[in-house]
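This structure is a prediction, so every number in the text was calculated from the model and none was measured.
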Amino acid sequence: MNEDTTAREACDLGWSIAMLGRRYAAIVDPVFENFPRGARGYQLLHTVVHKRIPTQNALADYLGIDRTVMPYFVDDLQSAGYVQRQDDPSDRRVRTVIATPEGIAQYQMLSQQVLRAEQAFFDGFADEDRAVFVQSLSDLARRSRSYTPPEGR
């Protein structure tokens with residue numbers, strides 16, 4: 001076994017995920033330094049731009065944000081003019097968070113900056129390797145959303 005193979009095999013998955021998260025944050029988070037709620041605020045804006053999630057509670061569940069904190073996220077993005085709460089015509093108790101035209105423009109600008117930062121993150125990776133990695137990570141993330149630990153844990 002060569003040194004490179006030994007190092008690869010000795011790598012702990014948890015450590016690898018933590019190191020990737022740390023490096024990703026160091027490279028990408030500066031894009032969000034002036035954005036309300038930082039990267040998590042951007043994730044909220046990304047979600048309301050791309051998905052129609054009917055309630056704040058469902059949005060909190062989707063993003064993994066505590067339901068008691070979600071209104072503050074929405075308030076901050078609403079104060080910045082990026083989102084608004086829209087009443088559901090069929091149920092006045094339901095208010096859907098939607099992106100404003102200003103929010104969509106801000107999202108488009110930020111997403112370009114994120115893309116450039118992610119290109120730096122993947123520097124040295126072949127395009128096809130990056131595509132496979134991102135697709136695999138997305139698949140794992142989607143499956144992880146629905147994971148429930150066995151009882152007793």
Excluding sequence neighbours, so at least two apart, what forms ring pair (Phe, Tyr, Trp, His ring centres under 6.0 Å) with [X]?
| X | answer |
| --- | --- |
| Phe122 | Phe125, Phe133 |
| Tyr62 | none |
| Phe32 | Tyr42 |

To the nearest 0.5 angstrom, please state how far the OG1 atom of Thr96 sits from the CD atom of Gln56.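 The CD atom of Gln56 is 9.5 Å from OG1 of Thr96, to the nearest 0.5 Å.
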NZ of Lys51 to CG of Leu59: how many Å apart, nearest 0.5 Å?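 Rounded to the nearest 0.5 Å, the NZ-CG separation comes out at 11.0 Å.
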Find out if a path of hydrophobic residues (ILVMFWY) with successive side-chain heavy-atom gaps under 4.5 Å connects [X] to [Y].
| X | Y | result |
| --- | --- | --- |
| Leu140 | Tyr24 | no |
| Phe121 | Val31 | yes |
| Leu137 | Leu20 | yes |

Minimal non-hydrogen separation, [X] against [Y], with atom names:
| X | Y | result |
| --- | --- | --- |
| Val97 | Val48 | O-CG1, 3.6 Å |
| Val94 | Pro54 | CG1-O, 3.4 Å |
| Gly41 | Leu77 | O-CD2, 3.5 Å |
| Pro36 | Ala80 | CG-CB, 3.8 Å |
| Ile104 | Ala99 | CG1-CB, 3.8 Å |
| Ile27 | Ala117 | CG2-O, 3.2 Å |

Salt bridge (charged side-chain N to carboxylate O under 4.0 Å, His left out) partners of [X], counting only residues at least two apart:
| X | result |
| --- | --- |
| Asp29 | none |
| Asp88 | none |
| Arg116 | none |
| Arg143 | none |

Among Phe73, Tyr107, Phe35, find the residue that satisfies the ring pair (Phe, Tyr, Trp, His ring centres under 6.0 Å) test when tested with Tyr82.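 With Tyr82 as partner, Phe73, Tyr107, Phe35 yield a single ring pair (Phe, Tyr, Trp, His ring centres under 6.0 Å), made by Phe35.
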Please, which pairs that meet ring-ring contact (aromatic ring centres under 6.0 Å, His included) have at least one residue in residues 86-106, sequence neighbours excluded?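 Qualifying pairs, neighbours excluded: none.
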Arg130/Asp127 ion pair, N-O < 4.0 Å: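 Answer for the salt bridge query: no.
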Do the charged groups of Arg37 and Asp75 touch, with an N to O distance under 4.0 Å?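 The answer is no: the pair does not qualify as a salt bridge.
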Please walk me through it: do Gln113 and Val28 pass side chain to side chain contact (heavy atoms under 4.5 Å, CB included)? CA-CA 9 Å; Gln113 292 178 17; Val28 178; over 6 Å; no
Kindly give the cluster partners of Trp15, where membership spreads through any ILVMFWY side chain lying under 4.5 Å from a current member.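 Cluster partners of Trp15: Met19.
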Transitive ILVMFWY cluster of Leu13 at side-chain heavy atoms under 4.5 Å: who else is in it?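 Noted: Leu13 shares its cluster with Ile17.
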Determine yes or no for a side-chain-to-main-chain donor-acceptor pair under 3.5 angstrom, with Arg40 supplying the side chain and Leu63 the backbone.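 Yes, Arg40 side chain to Leu63 backbone: donor-acceptor pair under 3.5 Å.
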Please enumerate all residues that pass side-chain contact (heavy atoms from CB on, under 4.5 Å) together with Asp123, with sequence neighbours excluded.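 With neighbours one apart ignored, the set is empty.
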Go through the structure and list residues passing side-chain contact (heavy atoms from CB on, under 4.5 Å) with Asp87, not counting sequence neighbours.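 Arg95.
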Go through the steps to decide whether Val49 and His46 satisfy the test side chain to side chain contact (heavy atoms under 4.5 Å, CB included), and finish with yes or no. CA-CA 5 Å; Val49 165; His46 172 88; 5.9 Å; no
Distance only, no hydrogens: is a donor on one side chain within 3.5 Å (strictly under) of an acceptor on the other, for Asp66 and Thr68?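 Short answer, yes.
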